[in-house]
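To start, the structure itself, in structure tokens.
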Amino acid sequence: MCGIIGCIGRGDETLDTLVHGLEKLEYRGYDSAGIALLDESLSTCKTSGKIADLREKLDGQALTGEVGIGHTRWSTHGPPTDENAHPHADCTDDVAVVHNGIIENYQPIRDELAAAGHQFTSDTDTEVVPHLIESNLSEGLSPEAAFRETIGRLEGSYAIAAIIEDAEGLFVARNDSPLVVGLGEGASTDSDRGEFFIASDVPAFRDFTGDVIYLEDGEFARLDGGLTVTDSQGNRVDKEAHTVEWDAEETGKSGYDHFMLKEIHEQPRALRQCLRGRVEEQTASVDIGDLADLNPAGVQFVACGTSYHAAMYGAQLFRDAGVPAQAYLASEYATSPPPVGNTLVVGISQSGETADTLAALREAKNRGARTFTLTNTVGSTMDRECDHTLYIRSGPEIGVAATKTFAGQLTALNLFSMATVERSSTRRNVVPALRELPGNVQQILDTSAAEDVADYYEDAQSYFFIGRGHQYPVALEGALKLKEISYEHAEGFAAGELKHGPLALVDEDTPVFAMAIGDDEKARKTVGNIKEVEARDAPVVAVTDGQSDAERYADHVLEIPETHPRAAAVLGNVQLQLVAYHIADQLGRSIDKPRNLAKSVTVE
Ligand code: AGP
């Protein structure tokens with residue numbers, strides 16, 4: 001995980017462009033940061049801490065140059081110290097390198113280079129790269145050949161950018177880590193001058209251009225005024241330029257205190273985008289193009305974190321329609337892979353880059369499965385590697401805590417199941433509920449009592465969340481959201497499981513958030529579980545549409561409009577997002593960048 005950026009052709013703006021880009025990439029990691037610029041010689045500035053600390057350090061230094069690279073780090077090898085911050089250099093400070101990913105065979109390379117006299121100054125896997133380039137240069141290779149030869153030695157995942165003192169421009173390569181090239185003013189795929197950018201993600205340079213090309217695994221690029229992309233054999237590759245639709249404003253906070261709050265409030269719009277052109281209320285029909293013809297005999301969902309909770313929900317939809325379906329934690333899938341047969345393996349991922357999910361999808365593909373991704377990120381590795389993609393169209397999500405993308409995932413899963421396997425009678429009930437979803441979410445945002453509830457319970461020892469059926473993954477998600485941004489202990493349970501053990505933990509300091517939706521048997525049983533905790537003096541917060549008598553036993557109520565239970569899962573979750581946000585805010589936590597976490601987890 002980590003974010004890298006580089007640029008050439010920005011003249012005096014080079015340093016500012018790089019720092020600005022790192023600020024946009026800070027969601028990918030933020031325990032140290034650094035920059036290297038090439039002028040007559042290389043100069044580097046790096047520090048542990050956030051980009052703000054780097055800015056402060058840069059104030060006291062005169063870094064100049066019109067070619068540069070930058071990095072924001074999330075530690076994998078070695079603690080977050082100044083020494084371990086990127087860029088890393090060779091012994092002579094003629095080569096500077098930034099890297100996102102993990103070099104699995106770094107230890108034997110490091111031993112070999114150390115035996116040859118190279119001096120290492122960090123604990124990182126990355127530092128072998130500049131030293132290998134140095135070693136190859138000393139054998140008489142050209143800078144480009146030295147870079148290619150170096151990359152050829154590496155095993156693992158990497159997006160790497162290097163600058164080499166005797167060569168003009170930037171060298172980049174990727175394998176299993178995201179890397180995009182931005183074509184700025186005067187730049188195109190075949191121009192020989194102009195502004196060029198490279199980065200782990202488009203927001204890094206979106207203020208300057210929306211024209212991008214996506215590098216594939218095994219490709220190299222040289223940016224030296226123009227752009228040359230080659231494959232691993234050195235053959236030139238013609239790349240197609242794409243235009244991203246998100247504007248720069250969409251990646252700002254737009255007046256909200258945090259990206260997370262902004263993204264919670266963006267949900268009505270994100271859901272409208274997800275549904276646009278895909279549902280027709282009159283005929284209760286769903287249109288997701290050719291994907292409707294997939295006709296899976298079974299579905300295995302693989303995902304992590306919030307996306308795994310969406311996967312649990314998705315698996316229920318398919319099972320309810322009579323199709324065998326199961327959700328797997330992606331990190332566990334390959335340890336004991338289930339038989340695939342004519343199964344569709346679906347990776348759910350906001351980023352489309354999560355290493356555990358990618359590994360599970362690749363395992364499934366190797367075993368002959370058809371693969372499918374439900375993602376927010378056009379051009380992501382999953383998008384490109386899977387046989388099929390359904391976009392959730394939520395727009396960029398910067399806060400580490402997934403919010404609008406969970407809503408988008410649940411909504412898109414409804415489209416997916418309805419278009420592929422569900423009966424028209426189901427569609428007639430669910431389509432209108434989906435159409436009402438954006439308005440219903442807006443109603444919750446306008447009227448929610450979540451802030452008062454958060455005020456009331458901000459000192460609790462522990463928080464429990466319970467739900468059944470479609471509301472069970474929402475209970476798990478409510479707990480995950482609260483723990484990741486508030487650092488308080490929170491657990492989600494299937495409501496019926498509480499009495500099989502966790503009930504022993506319940507007391508007057510353990511508020512229980514209960515998803516009490518509808519008035520069917522599930523709801524009645526959940527009300528029974530609410531009574532169980534109430535009898536043990538636990539405060540109860542009922543998230544309810546008012547159909548059951550849950551309110552009678554609740555200390556607080558978070559209301560949602562009455563709708564289909566599948567849509568109610570999205571609505572109830574909005575209330576839980578707001579509770580988590582306000583508790584974390586009252587505790588003064590780092591909401592958009594919680595400690596120890598990163599937005600996109602590109603290591604297994
Ligand atoms: C969500 O709030 C988390 N930050 C995390 O669990 C996340 O959902 C997980 O890492 C998966 O990410 P993905 O959807 O990009 O694959």
Side-chain angles (χ1 to χ4, degrees), residues 1 3 26-30 74 176-178 200-201 258-261 263-264 267 270 301-314 327-333 346-362 371-383 385-386 389-410 412-413 465 473-474 476-487 490 492 573-574 576-581 584 589-604:
M1 185 126 23
E26 213 174 3
Y27 69 92
R28 298 181 63 84
Y30 36 83
W74 185 78
D176 273 353
S177 285
S200 305
D201 201 355
H258 298 95
F259 280 113
M260 181 183 177
L261 189 60
E263 288 155 6
I264 289 172
Q267 287 177 110
F301 289 94
V302 290
C304 305
T306 292
S307 296
Y308 172 68
H309 300 149
M312 292 174 70
Y313 172 95
Y328 294 86
L329 283 168
S331 55
E332 288 293 316
Y333 184 82
V346 178
I348 303 184
S349 175
Q350 184 286 129
S351 60
E353 301 292 350
T354 299
D356 287 320
T357 310
L358 261 176
L361 286 165
R362 286 172 181 162
T371 56
F372 182 114
T373 185
L374 188 91
T375 184
N376 193 33
T377 312
V378 180
S380 61
T381 307
M382 280 179 219
D383 183 15
E385 289 192 7
C386 285
T389 301
L390 180 61
Y391 300 115
I392 63 171
R393 302 180 182 165
S394 300
E397 188 175 70
I398 306 297
V400 164
T403 51
K404 62 177 178 173
T405 54
F406 182 65
Q409 288 168 343
L410 300 195
L413 281 163
F465 294 77
V474 176
L476 297 181
E477 175 59 11
L480 175 65
K481 211 70 349 179
L482 183 57
K483 72 180 99 171
E484 75 175 321
I485 61 168
S486 73
Y487 317 154
N573 185 60
V574 174
L576 300 186
Q577 291 169 347
L578 289 167
V579 171
Y581 173 81
R589 304 299 192 222
S590 171
I591 290 180
D592 286 330
K593 294 170 193 155
R595 68 184 181 197
N596 304 337
L597 302 181
K599 183 68 179 164
S600 180
V601 185
T602 50
V603 291
E604 281 181 67

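Counting convention: from 1, in listed order, for ligands and their atoms alike.
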Within the structure, does [X] bring an N/O atom to less than 3.5 angstrom of an N/O atom in ligand 1?
X: V400; answer: yes
X: A402; answer: yes
X: T357; answer: no
X: T354; answer: yes

Classify the contact between K599 and ligand 1 as side chain, backbone, both or neither, using a heavy-atom distance cut-off of under 4.0 Å.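 It is neither part, as no heavy atom is under 4.0 Å.
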Please state which part of E353 comes within less than 4.0 Å of ligand 1, counting heavy atoms only: side chain, backbone, both or neither.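 Neither; nothing of E353 gets under 4.0 Å from ligand 1.
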Could you grab the distance from atom [atom1] of [X] to atom [atom2] of [Y], nearest 0.5 Å is fine?
X: Q350; Y: Q409; atom1: CD; atom2: CD; value: 8.0 Å
X: I348; Y: L374; atom1: CD1; atom2: CG; value: 5.5 Å
X: Y581; Y: I591; atom1: OH; atom2: CD1; value: 4.5 Å

Which residues satisfy the side-chain contact (heavy atoms from CB on, under 4.5 Å) test with R595, sequence neighbours excluded?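 Checked R595 against side-chain contact (heavy atoms from CB on, under 4.5 Å); matches are Y487.
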Using the test side-chain contact (heavy atoms from CB on, under 4.5 Å), find all partners of A580 that sit at least two apart in sequence or belong to another chain.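 Here the qualifying residues are K481, L482, I485.
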Nearest-contact summary for [atom] - protein heavy atom, Å:
atom: atom 9 (C) of ligand 1; result: C304 O, 3.6 Å
atom: atom 7 (C) of ligand 1; result: T306 N, 4.1 Å
atom: atom 2 (O) of ligand 1; result: E484 OE2, 2.4 Å
atom: atom 10 (O) of ligand 1; result: V601 CG2, 4.1 Å
atom: atom 15 (O) of ligand 1; result: S351 OG, 2.7 Å

Proximal ligand 1 atoms for [X], defined as those under 4.0 Å from one of its heavy atoms:
X: G305; value: 6 (O)
X: S307; value: 8 (O), 13 (P), 14 (O)
X: K481; value: 1 (C), 2 (O)
X: Q350; value: 13 (P), 14 (O), 15 (O), 16 (O)
X: S349; value: 13 (P), 14 (O), 15 (O), 16 (O)

For S590 and K593, indicate whether the former's side chain and the latter's backbone hold a donor-acceptor pair under 3.5 Å. yes
Main chain of G347, side chain of T373: is a donor-acceptor contact present, judged purely on distance under 3.5 Å?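 Looks like yes, one N/O pair under 3.5 Å.
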Can a salt bridge be assigned to the pair E385 and R362 using a cut-off of 4.0 Å between side-chain N and carboxylate O?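 So E385 pairs with R362 through a salt bridge.
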Can you tell if the side chain of D592 reaches within under 4.5 Å of the side chain of V400, non-hydrogen atoms only? no
Quick one: do Q267 and Q577 satisfy side chain to side chain donor-acceptor pair (under 3.5 Å)? Show the steps, please. CA-CA 11 Å; Q267 287 177 110; Q577 291 169 347; 2.8 Å; yes
Could you establish whether A401 and ligand 1 come within less than 4.0 Å of each other, counting only heavy atoms on the residue side? yes
Y333 and D356: side chain donor to acceptor below 3.5 Å: no
